2 protein chains.
Amino acid sequence: MADAEPGWELYRSFLGVLKEGSLSGAARALGLTQPTVGRHVEALEQALGLSLFTRSQLGLAPTEAALALAPYAETLAATAAALLRVAESQGDGVRGTVRITASEVIGVEVLPPILAALREQHPALKIELGLTNRVEDLLKREADIAVRMVRPSQDVLWARRVGAVELGLHAREDYLARHGTPRSFGELLNGHAIIGFDRETAFLRGARKALGPLRRDAFSLRADSDLAQLAAIRAGYGIGVCQVGLARRDARLVRVLPKAFSLPLETWVTMHMDLRDNPRCRVAFEAVAEGLQGYIEGEAR
Amino acid sequence: MADAEPGWELYRSFLGVLKEGSLSGAARALGLTQPTVGRHVEALEQALGLSLFTRSQLGLAPTEAALALAPYAETLAATAAALLRVAESQGDGVRGTVRITASEVIGVEVLPPILAALREQHPALKIELGLTNRVEDLLKREADIAVRMVRPSQDVLWARRVGAVELGLHAREDYLARHGTPRSFGELLNGHAIIGFDRETAFLRGARKALGPLRRDAFSLRADSDLAQLAAIRAGYGIGVCQVGLARRDARLVRVLPKAFSLPLETWVTMHMDLRDNPRCRVAFEAVAEGLQGYIEGEAR
DNA sequence: CGTCCGCCATACAGAACCGTATAGCGGGTG
DNA sequence: CACCCGCTATACGGTTCTGTATGGCGGACG
């Protein structure tokens with residue numbers, strides 16, 4: 001009933017409970033104590049005139065209202081974090097923290113040397129890597145720079161195309177020596193150990209026609225982690241899809257059916273317009289864009 | 001130096017000082033006291049390791065760093081306000097507050113009857129009107145619904161074109177009776193009292209060629225407020241630009257040089273995608289869109 | 001079926017915070 | 001030039017909030 005605007009602190013505790021699922025967990029994550037977080041949630045419920053959680057001994061379950069408010073609380077947290085990054089980068093020169101988001105494979109296999117060189121050049125620069133296939137939202141400031149496989153359509157975003165990463169079927173040569181090299185999709189599907197995804201993602205639904213006969217039930221090893229798939233290919237488990245440029249680095253890996261299966265992924269490096277004049281972001285953007293371009297051109301050699 | 005994350009409350013005080021220009025002013029605006037706000041700012045400076053304001057007896061001037069952080073603090077405030085609106089709208093039916101932004105003329109001359117009808121139909125709905133020619137940022141949640149004269153290019157925004165508002169030159173008939181009706185731009189510029197803008201805005205720069213010879217030095221009355229220009233036309237001051245639909249409502253107003261000067265403005269009603277399923281926003285969106293469409297079609301009759 | 005672990009709720013002491021009151025300074029005004 | 005107004009900075013008392021400690025409950029495990 002009392003609708004005095006709730007303190008912004010309460011939102012932080014609210015988000016913590018939402019993410020951790022319990023007062024105790026949120027308290028640990030936030031560096032507070034369980035009674036304090038409980039009081040915060042209670043105060044927020046009071047101020048909003050809403051019930052946010054259904055209490056129980058094994059945690060708090062969010063109500064529908066709490067779920068409706070969740071995205072806003074997340075935006076608050078992301079914005080506060082972005083503010084801190086900007087604050088940290090104040091002062092002369094390239095300094096502070098830049099947060100980069102990319103897919104797991106790019107982040108693990110491609111970015112490290114690029115970032116290492118970047119750091120050599122700018123020792124005061126700190127880097128945060130968010131590796132997820134979910135596209136973190138640059139508009140929500142969840143990251144400063146994103147490596148994406150889709151062309152960004154937001155005009156407040158600044159993007160540079162760095163080329164197309166090619167995906168292809170690969171296997172280790174000793175696997176092929178044991179089981180033969182398939183010369184057609186028919187041979188591939190007949191008796192070969194195929195490595196593929198488990199659950200369908202939005203990306204996969206979009207690429208379904210490009211995948212051809214590579215459907216879920218044809219897979220001998222199913223993993224949602226692209227890294228796990230790559231590791232399985234490298235371990236000689238069987239035949240799977242990975243970036244051509246990565247396979248080239250491992251002399252034991254051989255490409256299979258290169259003409260029948262090739263999936264080029266347009267790749268973009270993206271940044272919020274507002275950060276264009278921020279030294280740390282500009283420098284990191286250039287480094288990542290040029291590094292990826294080098295990787296892709298090397299891949300295509 | 002101590003980089004424990006600052007409390008989110010501090011950002012609110014920081015933004016208050018930034019907007020009010022003094023500790024005392026911010027304290028009044030926030031419902032706190034001057035020493036408290038002072039302590040908040042001090043604590044924030046401590047936590048960020050930055051100097052945010054240069055103190056003086058006649059207020060606090062923001063440093064460069066403070067200005068860099070300002071947009072983020074504003075996003076925080078806008079998001080918190082949006083969260084409150086969503087919280088208020090929880091529960092069954094169309095309830096809560098919807099924030100609409102539009103130009104001053106639209107907001108004063110066109111929207112009121114539309115909103116009145118909307119309120120009759122949904123008594124539990126409250127409406128916030130933000131009237132500014134500056135485009136409030138829907139991405140930053142500064143408003144739920146926006147009436148704009150530019151096609152939105154963000155694909156997270158949901159937009160509906162409601163037609164084109166036509167701008168034309170108008171004057172009161174008794175003014176024309178006294179001074180004659182110009183039959184060409186030449187006659188218009190020669191001795192007539194022309195009402196126009198004072199400082200150039202982004203919109204005017206874009207429309208410069210459409211405005212033809214209507215430049216700043218030709219104006220007898222300069223006002224940046226479109227409402228003031230409209231009032232001047234209605235008062236019989238002279239000849240100025242206003243919406244054709246508005247002029248039709250006043251029998252004493254006559255259009256001048258209709259063939260030589262006509263500026264159609266594409267008009268869009270826009271909303272964030274996320275709010276599409278929110279009853280209060282959906283209802284208000286429909287009402288505003290249909291109301292404006294009715295206005296524009298009536299104007300063109 | 002008893003034990004253990006993690007969770008929420010409550011009571012109480014201490015710390016942190018806020019508001020009130022006051023002093024000091026600078027600019028505008030008659 | 002004296003007065004007034006608004007601002008910041010500082011000291012002090014009271015309130016609020018936080019943390020610690022404890023009790024009670026439910027599920028997991030042997």
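Each chain gets a letter, A, B and so on, in the order its sequence line appears, and its residues count up from 1. Note: hydrogens, waters and symmetry copies are ignored here, and every other heavy atom, side chains too, is used. Note that the coordinates shown come from a computational prediction; the quantities given were computed from them, not determined experimentally.
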A.B. asks: Nearest whole Å is fine: how far is D:dT15 C1' from B:L32 CG?
C.D. replies: 15 Å
A.B. asks: Judged by each residue's nearest nucleotide on DNA chain D, which is more toward the 5′ side, B:R39 or A:R39?
C.D. replies: B:R39
A.B. asks: Verify whether the ring centers belonging to A:Y11 and A:Y72 lie closer than 6.0 Å.
C.D. replies: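 Ring-ring flag for A:Y11/A:Y72: false, centres at least 6.0 Å apart.
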A.B. asks: Taking CZ in B:R215 as the centre, count heavy atoms belonging to other residues, nucleotides or ligands within less than 6.0 Å. Is the count above 12?
C.D. replies: no
A.B. asks: Does any donor atom in the side chain of A:S24 or A:Q34 lie under 3.5 Å from an acceptor atom in the other side chain?
C.D. replies: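 Distance-only check fails for A:S24 and A:Q34.
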A.B. asks: Please determine whether a side-chain nitrogen or oxygen atom of A:T33 lies at a distance below 4.0 Å from atom OP1 or OP2 of D:dT20.
C.D. replies: no
A.B. asks: Rounded to whole angstrom units, what separation is found between the CD atom of B:E9 and the C1' atom of C:dA16?
C.D. replies: 14 Å
A.B. asks: Roughly, in whole Å, what's the span from CD in B:E20 to P in D:dG6?
C.D. replies: 15 Å
A.B. asks: Once you round it to whole Å, what is the distance between P of C:dC8 and CG of A:L23?
C.D. replies: 4 Å
A.B. asks: What heavy-atom pair brings B:L10 and B:P6 nearest, and what distance separates the two atoms?
C.D. replies: CD1-CB, 3.9 Å
A.B. asks: Please report, rounded to the nearest Å, how far the P atom of C:dC18 is from the CZ atom of B:R12.
C.D. replies: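 The distance from CZ of B:R12 to P of C:dC18 comes to 11 Å, rounded to the nearest Å.
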A.B. asks: Want to settle it: does A:Q34 or B:G21 sit nearer the 5' end of DNA chain D, counting the closest nucleotide to each?
C.D. replies: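 On the 5' side of the pair lies B:G21.
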A.B. asks: So B:S24, base contact, sugar-phosphate only, or nothing? Heavy-atom distance under 4.0 Å.
C.D. replies: base
A.B. asks: Measure the distance from CG on B:L60 to C1' on C:dG26 and round it to the nearest whole Å.
C.D. replies: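 In whole Å, C:dG26 C1' and B:L60 CG are 15 Å from each other.
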A.B. asks: Got a sec: does the CD of B:E64 have more than 12 other heavy atoms crowding it under 6.0 Å?
C.D. replies: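 Counting neighbours around CD of B:E64, 12 or fewer heavy atoms of other residues, nucleotides or ligands fall under 6.0 Å, so no.
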A.B. asks: Starting from C1' on C:dA9, measure out to NE2 on A:H40 and report it in whole angstrom.
C.D. replies: 16 Å
A.B. asks: Below 4.0 angstrom from OP1 or OP2 of D:dA9, is there any side-chain N or O of B:R55?
C.D. replies: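 Yes, B:R55 has a side-chain N/O under 4.0 Å of OP1/OP2 on D:dA9.
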A.B. asks: Expressed in angstrom and rounded to an integer, what is the separation of A:E45 atom CD from C:dA9 atom C1'?
C.D. replies: 14 Å
A.B. asks: Would you indicate, yes or no, if D:dG19 has its OP1 or OP2 atom less than 4.0 angstrom from a side-chain nitrogen or oxygen of A:T36?
C.D. replies: yes
